[in-house]
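One-based numbering along the sequence shown. For the numbers below, each heavy atom of this structure counts, side chains included, while hydrogens, waters and symmetry mates do not.
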Amino acid sequence: MPDPAYDAVLVLSFGGPEKPDDVIPFLENVLRGRNVPRERMLAVAEHYYHFGGKSPINDQNRALIAGLERELASHGLSLPIYWGNRNWHPLLADTLRQMRDEGVRKALAFVTSIFSSYSGCRQYLEDIDRAHVEVEGAPEIYKLRAFYNHPLFIEAQADEVRQALPNPAAQIIFTAHSVPISMAETSDYQKQLQESCRLVAEQVGVSDWSLVYQSRSGAPGQPWLEPDIADVLREMPRGANVVVAPIGFVSDHMEVIYDLDTQAQEIARERGVNLVRAGTVGVHPKFLQMIRELIEERLGLRPPRAIGQYPPSHDVCATGCCPTPARRVSSALSDSSPRAIAQR
């Protein structure tokens with residue numbers, strides 16, 4: 001039986017607008033406290049308006065929750081699932097208030113971020129702390145561990161890559177969100193990414209693979225992880241076959257449908273490169289099974305699993321892990337392109 005100390009699951013995500021009227025208030029939430037010119041924010045808003053003013057992330061989270069509810073129920077785990085976001089409704093504080101009112105005392109949180117970094121891990125813990133201050137009597141929230149080397153995550157991503165391969169000779173390009181080098185240096189972000197990519201390529205049986213980055217934002221003079229997917233595509237020979245696998249994203253966020261499906265595809269067509277984009281893990285059955293296993297680990301129902309050269313990640317983040325980078329981005333929208341870390 002599940003540990004009675006845990007009585008719910010929380011899916012914690014970034015959030016995104018649902019309709020055109022949401023776009024500006026959403027971006028204002030994302031950029032609150034930052035010195036960003038309004039015209040830069042309006043430029044980013046145009047990306048959302050291009051897709052009807054709606055981010056794909058919310059419907060994807062709804063699908064994830066529905067699939068996880070079925071997965072838990074089919075294995076005798078009777079835990080209600082709640083959903084809270086950092087930047088848009090349902091906002092985390094509102095969700096904690098609802099959980100408190102419905103009698104939840106202690107919950108496990110699954111964060112829709114795969115790899116460890118300040119923005120992908122520590123910042124979500126800070127979000128939880130802030131929501132606790134705002135909501136008197138809020139339930140205790142315990143974040144599930146990182147899963148970059150869980151065998152079921154690797155199998156789910158490998159399945160998506162296999163489906164996209166036009167032929168065994170194609171090169172695989174894995175992509176992940178670029179982050180400032182100062183952030184990468186204070187976390188295991190790159191190490192975990194390299195290991196996940198290696199494990200997926202190994203399962204697919206492809207030796208020709210590389211890891212590149214995408215969706216860079218921030219001041220032009222601040223160093224971020226490279227190379228960028230756009231630069232890599234521009235250097236590829238005409239007629240090359242490539243599968244782009246956005247391993248850094250749980251589902252098809254705005255960075256995927258705009259930066260890859262729109263911008264990268266346009267560059268590939270101009271260069272005569274045959275680009276196929278692999279799917280994200282999304283609601284793959286093995287990915288849902290993995291989340292259930294992570295929950296069962298914390299309930300004491302199974303030992304943790306991992307493959308490759310590193311052990312399973314720790315359950316509780318050490319004090320000071322993934323710290324705030326020494327130099328934070330002064331303007332999230334100051335790049336020459338209208339991309340931003342706001343996009344989800």
Side-chain angles (χ1 to χ4, degrees), residues 1-16 18 22 25-26 29 57-114 120-147 150 152 250-251 282-283 285 287-304 312-317 319 344:
M1 294 293 293
D3 183 342
Y6 295 108
D7 43 20
V9 172
L10 169 67
V11 172
L12 179 54
S13 195
F14 190 88
E18 299 267 28
D22 294 345
F26 161 72
N29 279 350
I57 194 173
N58 294 319
D59 283 345
Q60 290 161 2
N61 280 329
R62 292 183 182 100
L64 178 70
I65 290 167
L68 184 57
E69 286 174 338
R70 292 189 295 270
E71 177 70 23
L72 295 184
S74 68
H75 288 79
L77 296 176
S78 181
L79 293 170
I81 302 177
Y82 295 84
W83 171 29
N85 292 322
R86 175 185 293 164
N87 293 302
W88 198 245
H89 306 286
L91 293 168
L92 178 57
D94 294 335
T95 300
L96 292 191
R97 194 171 291 109
Q98 177 190 358
M99 295 169 73
R100 176 202 64 190
D101 294 347
E102 294 179 1
V104 176
R105 297 164 299 152
K106 192 174 178 182
L108 294 168
F110 175 76
V111 174
T112 60
S113 180
I114 304 167
C121 180
R122 173 62 56 185
Q123 192 172 6
Y124 281 106
L125 297 176
E126 294 174 356
D127 294 336
I128 293 170
D129 289 342
R130 277 192 294 271
H132 264 274
V133 171
E134 182 177 340
V135 180
E136 184 178 358
E140 294 297 317
I141 306 296
Y142 296 84
K143 178 182 173 293
L144 293 170
R145 69 176 178 89
F147 52 85
H150 193 288
L152 290 172
V250 167
S251 57
V283 292
F287 187 62
L288 295 172
Q289 181 184 343
M290 183 211 71
I291 301 174
R292 189 248 305 163
E293 287 196 8
L294 294 178
I295 293 169
E296 289 174 337
E297 288 177 16
R298 294 297 286 267
L299 298 177
L301 299 178
R302 68 166 58 244
S313 296
H314 41 261
D315 280 337
V316 179
C317 293
T319 301
R344 285 296 186 275

Salt-bridged, Glu134 to Arg130, with N to O below 4.0 Å?
->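 Salt bridge flag = no for Arg130 with Glu134.
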[X] vs [Y] side-chain heavy atoms within contact, under 4.5 Å:
| X | Y | value |
| --- | --- | --- |
| Arg97 | Asp101 | yes |
| Asn58 | His89 | no |
| Pro80 | Val9 | no |
| Asn87 | Phe14 | yes |
| Val11 | Ile81 | yes |

Derivation and outcome, side chain to side chain contact (heavy atoms under 4.5 Å, CB included), residues Val316 and Arg145 | CA-CA 7 Å; Val316 179; Arg145 69 176 178 89; over 6 Å; no
Check the pair Asp7, Lys106 against salt bridge (Lys or Arg N to Asp or Glu O under 4.0 Å), reporting the backbone distance first and the verdict last.
-> CA-CA 6 Å; Asp7 43 20; Lys106 192 174 178 182; over 6 Å; no
Which word best sums up how the rings of Phe147 and Phe110 line up, parallel for under 30°, tilted for 30 to 60°, or perpendicular for over 60°?
->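 Ring orientation of Phe147 relative to Phe110: parallel.
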Apply the test side chain to side chain contact (heavy atoms under 4.5 Å, CB included) to residues Val104 and Gln98: give CA-CA distance (whole Å), side-chain angles for both, the deciding distance (0.1 Å), then the verdict.
-> CA-CA 9 Å; Val104 176; Gln98 177 190 358; over 6 Å; no
Apply salt bridge (Lys or Arg N to Asp or Glu O under 4.0 Å) to the pair Glu71 and Arg292, showing each step before the final yes or no.
-> CA-CA 7 Å; Glu71 177 70 23; Arg292 189 248 305 163; 3.0 Å; yes
[X] versus [Y], closest heavy-atom pair with distance:
| X | Y | value |
| --- | --- | --- |
| Val250 | Ser113 | CG2-N, 4.3 Å |
| Gly84 | Thr95 | CA-OG1, 3.4 Å |
| Gly137 | Arg100 | O-CG, 3.2 Å |
| Met99 | Ala8 | CE-CB, 4.3 Å |
| Ser13 | Ile57 | OG-CD1, 3.6 Å |
| Pro304 | Glu297 | CA-OE2, 3.2 Å |

As an exercise, state the distance from [atom1] of [X] to [atom2] of [Y], rounded to the nearest 0.5 Å.
| X | Y | atom1 | atom2 | answer |
| --- | --- | --- | --- | --- |
| Tyr6 | Tyr142 | OH | OH | 6.0 Å |
| Lys143 | Leu12 | NZ | CG | 9.5 Å |
| His75 | Gln289 | NE2 | CD | 6.5 Å |
| Cys121 | Ile114 | SG | CD1 | 13.0 Å |
| Glu293 | Leu301 | CD | CG | 11.0 Å |
| Leu96 | Leu91 | CG | CG | 11.0 Å |

Can the positive tip of Arg86 be found less than 6.0 Å from the middle of the six-membered ring of Tyr124, inside 45° of the ring normal?
->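 Relative to the ring axis of Tyr124, which defines the angle, Arg86 lies inside both limits.
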Can Glu296 and Arg302 be said to form a salt bridge (Lys or Arg N to Asp or Glu O under 4.0 Å), step by step?
-> CA-CA 6 Å; Glu296 289 174 337; Arg302 68 166 58 244; 2.7 Å; yes
Quick one: do Glu18 and Arg62 satisfy salt bridge (Lys or Arg N to Asp or Glu O under 4.0 Å)? Show the steps, please.
-> CA-CA 13 Å; Glu18 299 267 28; Arg62 292 183 182 100; 2.4 Å; yes
Take Leu92 and Leu10, measure what side chain to side chain contact (heavy atoms under 4.5 Å, CB included) needs, and give me the verdict at the end.
-> CA-CA 10 Å; Leu92 178 57; Leu10 169 67; 3.8 Å; yes
Which is it for Asn61 and Trp83 under the side chain to side chain contact (heavy atoms under 4.5 Å, CB included) test, yes or no, and what are the steps along the way?
-> CA-CA 8 Å; Asn61 280 329; Trp83 171 29; 3.7 Å; yes
Pick out which of Leu108, Leu72, Leu152, Leu64 makes a side chain to side chain contact (heavy atoms under 4.5 Å, CB included) with Ile291.
->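 Going through the options one by one, the only one that passes is Leu64.
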